[in-house]
Amino acid sequence: MQNNETFPGVLLKICSLPLFRMICKTIESSVPAEDYDQDKFSAFPSLRGYHWRGRDCNDMNSSIYPGRSPKDWDSQQDSNCNGILGFDMEDGLSYEKKFCEGTDSRGIIILGDSAAAHFHIPPEWMTPLNMSKNSFSNLALAISNELDWPQFSMYTGFQNSTIGGWTQSLYLRLRDWNRCNHRDYQNIARNGGSSRNLEHFLKSMTRDQQLDKPAVVFYAMIGNDVCNESPDTLNHMTTPEDMRAYVMNELKYLDMNLPKGSHVILMSLADGRSLWNNLHDRYHPLGQLNKDITYEQFYGFLTCMKSNPCEGWMTKNETLRNLTTERAEQLSNVLQEISTSAKFNNFGLGYFENLYQKVIAKWKSLGGQPWELMEPIDGFHPNQIASAIGAEVIWEELLQKQPDIFGKQNPFNEEIVKIFGDQGGH
């Protein structure tokens, strides 16, 4: 089969069109397109707005944004956008001081790839059996969010899912743990993100060491250091030596920007052999009507078009799949070694391994099948169910092994909700 142009080339042409120019510019910068006070927070949902990071409650004042330490205990205004302000008329204490002081409130930040950003192509777009006049009603939103759905994601989701499954994120758990953490989340993830290119969008993260609260940062580059479109895929994977250099440079940057008392968790790479093992003989949505296109054929088509996002795992070549996992394990070993040997001034360092093996095991214990955890259209990403279970797995394991990582459970949560309401997640 002849292929005239690769996907990146097509994308460059799309980005030259006036309609998509702002979207592509936002993708490149990874900061909100609409941000009047330039504090990297926005009152607009998509285009890297509050679907990606906490909603700015005053987009005309750059000193007011989610995650900062309260100014004058927010007796007059809500300087950190957590919805808590004013003072108690009975005792004269500001509510922020009364309910939040000493609770070790903190935010959550994810540095990641398309899995962390929650890449999803709605099945109704490409499943003939399910197509209707409403199939593309969410197209504009999806495009403005880069085909990602961070508002439902494992790390920073806050809205009830409209793409199947349910939303259960680490941010929502951290918020329920301490209501003073409301709106303190940043999803600094990008499609195609890896240890190699994180430096290009890491600076879109915002945290002031003097003014802001500590943060729990998850470093989750789970696949793109071994996944690529090249036919010579093994020679285009990140080497262990380069992995160490990239990650150490990125951790040094974090140490210069995170407030003291923060935590960084390095997530191991995934074992993508589960993709082929659980999907290859199933019908892809494109082939469900006539029972004529399996995932094996779909992966082969992507390879033929030079658009296979992971030649090492999305292939019938078992030897290549095993070699790709071998390299992923080598890179995970680098992360684990860094977590035990490297020391930083402003954050503690931890390591979390085999997330998706644990997610699959938990789902199977509930009577589910592994294929039900995978995105049906691309056959590559974890879906909404996997994301919700993943958040539960991470939260429970870290709370058991590192009980101080999320701060203290706030004993005033019920009072905060009683006075200020639930406020939603954003």
Applying ring-ring contact (aromatic ring centres under 6.0 Å, His included) to H280 and Y295, what does each step give before you reach the verdict? CA-CA 5 Å; H280 76 276; Y295 280 94; 9.8 Å; no
Decide whether a cation-pi geometry holds between K401 and F352; the criteria are a distance under 6.0 Å from NZ or CZ to the six-membered ring centre and an angle within 45° of the ring axis. no
Aromatic W371 / basic R282 pairing, under 6.0 angstrom, 45° off normal: yes
Which donor-acceptor pairs under 3.5 Å do side chains of residues 255-267 form with protein atoms, sequence neighbours excluded?
from: D255; atom 1: OD1; to: N345; atom 2: N; distance (Å): 3.2
from: D255; atom 1: OD1; to: N346; atom 2: N; distance (Å): 2.8
from: D255; atom 1: OD2; to: N345; atom 2: N; distance (Å): 3.3
from: N257; atom 1: ND2; to: Y253; atom 2: O; distance (Å): 2.8
from: K260; atom 1: NZ; to: N345; atom 2: O; distance (Å): 2.7
from: S262; atom 1: OG; to: A215; atom 2: N; distance (Å): 3.0
from: S262; atom 1: OG; to: P259; atom 2: O; distance (Å): 2.8

Let me confirm one number: the [atom1]-[atom2] distance from [X] to [Y], rounded to the nearest 0.5 Å.
| X | Y | atom1 | atom2 | answer |
| --- | --- | --- | --- | --- |
| W276 | W313 | CH2 | CH2 | 15.5 Å |
| L174 | R179 | CG | CZ | 11.5 Å |
| F119 | N191 | CZ | CG | 6.0 Å |

Are [X] and [Y] close enough that their ring centers fall under 6.0 Å?
| X | Y | value |
| --- | --- | --- |
| H120 | W149 | yes |
| Y171 | F158 | no |
| F152 | W166 | no |
| F44 | Y50 | no |

Can you list every ring-ring contact (aromatic ring centres under 6.0 Å, His included) pair that touches residues 323-344, not counting sequence neighbours? F344-F347
Verify whether one side chain among T103 and K408 offers a donor that lies under 3.5 Å from an acceptor in the other. no
Does a donor on one side chain and an acceptor on the other come within less than 3.5 Å for S63 and N61? yes
Let me know which of H51, R48, H118 forms a side-chain hydrogen bond (donor to acceptor under 3.5 Å, both in side chains) with N145. H51
